[in-house]
Amino acid sequence: MKISLAPISYCWSKTDVEHFYDQVALSNIDTVYLGETVCSRRRELKFNDYLNLANMLKSHGKHVVLSTMALIEAQSELNELKRAIENGDFSIEANDMAAVHYAHQAKVPFVCGPTINNYNRTSLNLLHQKGMFRFVMPCELSQQWLSSVINQGNKPKFEIEVLGHGYLPLAHSARCFTAKHYQLPKDKCQTICQRHSKGLLAQTQDSQPLLRLNGIQTQSAAQVNLIKQIPQMVDMGIDYWRISPNKLTDIAMGSDLAHALEHAKNNSLNIETLIKKQLNDQNHASIISHHCNGYWLGLPGMDCV
């Protein structure tokens, strides 16, 4: 199993994004997804900026995938989607069925992202016929569901990726909740979401964290944490363990996990023991016993077991 890095979900400055990926280039992380997936009004980086980052990361040995929008609402966004598909060098992550359609037409291989509702093996096999080479499981599904998909008939001919760490992408809406919070219209939002590098936390009336508002995207308040489940995922044959980043230390964590997985594989060592040792040695111990893992266990997503 390898470590992958999901696209940045938030509206960071161009300087911060470039600094982030400069650090990613020096890490052990295998696969990097790049691109704006939430809102086209976030114009800190243009398409050519992402291409430059992609080529830089490729020169450092990374496998790069260009991610596309999860909710396409305008012709301009459709044009940008086609531009990504026609980049000529990189495969794409399709987060909307329009991307699947145009990638299939252009014969461009694609990853099926977590925002496309794939709930059975028949759908996945059909997408594979259309060019899907990797499937990112929707975050609300469970280990039991995934096992049934993997074990249904022949072994899947596509790779499988699971979100292992980060805020869960729960929903997308045509409305922008961050702009609404600031009493701004969506089309004159002043890119107000840039004020919130990890989204805007929403709480219950009892002041308990509930959701995280990120423009038109709704995320979980707590981060999913499936580090303890990595040995189980390796046994299941899952190919990629995905991190959805929100800070620089996510890079170090991913790099250390990648090192531990590779070391265990090459030396036939116990994966669970090696991961715990690697994270403790690198001061990541708090990551092991924090956040939530309910969906993976078939429980409410906010649960932590």
Side-chain angles (χ1 to χ4, degrees), residues 1-9 12 16-34 53-65 67 90-91 93 111 114 133-137 139 143 146 159-168 198 223-293 296 304:
M1 187 167 69
K2 298 177 181 178
I3 302 298
S4 65
L5 194 67
I8 296 170
S9 298
W12 293 356
D16 286 346
V17 171
E18 290 175 340
H19 175 64
F20 181 85
Y21 286 114
D22 283 342
Q23 302 304 307
V24 172
L26 303 176
S27 74
N28 297 316
I29 293 171
D30 178 85
T31 296
V32 183
Y33 294 83
L34 281 176
L53 287 172
N55 284 306
M56 181 274 291
L57 290 165
K58 181 181 178 181
S59 71
H60 283 81
K62 307 303 178 189
H63 297 98
V64 179
V65 181
S67 295
F90 303 101
S91 56
E93 179 186 44
V111 178
F133 66 93
R134 186 180 306 145
F135 157 63
V136 185
M137 186 178 80
C139 64
Q143 178 270 332
L146 186 57
E159 297 174 328
I160 297 171
E161 184 168 341
V162 173
L163 176 60
H165 197 275
Y167 296 111
L168 296 166
K198 296 182 183 180
Q223 295 189 79
V224 66
N225 177 15
L226 299 180
I227 288 178
K228 288 183 178 179
Q229 283 71 39
I230 287 179
Q232 178 189 38
M233 293 182 183
V234 171
D235 291 341
M236 289 174 63
I238 294 171
D239 302 283
Y240 288 88
W241 196 85
R242 170 181 276 219
I243 297 172
S244 181
N246 60 75
K247 56 188 179 300
L248 277 175
T249 52
D250 289 338
I251 302 171
M253 177 190 68
S255 187
D256 291 334
L257 283 171
H259 175 75
L261 286 166
E262 188 66 20
H263 188 52
K265 177 182 176 182
N266 292 338
N267 296 280
S268 300
L269 300 175
N270 181 274
I271 293 175
E272 184 174 6
T273 300
L274 196 59
I275 287 174
K276 286 182 178 179
K277 182 179 186 305
Q278 183 74 20
L279 293 178
N280 283 321
D281 287 350
Q282 300 299 326
N283 297 317
H284 298 310
S286 62
I287 297 171
I288 300 174
S289 57
H290 193 48
H291 311 314
C292 62
N293 59 9
W296 178 256
C304 185

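Any value given below was found using the heavy atoms of this structure, including those in side chains, with hydrogens, waters and symmetry copies removed. In this text, all values refer to a predicted model and were calculated from it rather than measured experimentally.
- Checked against side chain to side chain contact (heavy atoms under 4.5 Å, CB included), S27 has the following partners two or more places apart in sequence or in another chain: V24, I29, K62, I251, S255.
- Between the CD atom of Q143 and the CG atom of N293 there is a distance of 12.0 Å, given to the nearest 0.5 Å.
- With sequence neighbours left out, N246 forms a side chain to side chain contact (heavy atoms under 4.5 Å, CB included) with Y10, Y167, K198, Q223, D250.
- Note that CG of L57 is 8.5 Å distant from CG of D22, once rounded to the nearest 0.5 Å.
- Remark: A258 pairs with I3, N28 by the side chain to side chain contact (heavy atoms under 4.5 Å, CB included) rule, at least two apart or across chains.
- A heavy-atom distance below 4.5 Å is not found between the side chains of T31 and K2.
- When all heavy atoms of C304 and H291 are compared, the pair lying nearest together is SG-O, 2.9 Å.
- Inter-residue side-chain proximity for Y240 and V111 is flagged as unmet; no heavy-atom pair is nearer than 4.5 Å.
- A search for side chain to side chain donor-acceptor pair (under 3.5 Å) contacts involving S9 returns nothing, not counting sequence neighbours.
- With sequence neighbours excluded, the residues satisfying side chain to side chain contact (heavy atoms under 4.5 Å, CB included) with P7 are Y33, T37, S67, E93, R242.
- Closest non-hydrogen pair, L226 versus L163, comes out as CD1-O, 3.5 Å.
- In this structure E159 satisfies the salt bridge (Lys or Arg N to Asp or Glu O under 4.0 Å) test together with R134, sequence neighbours excluded.
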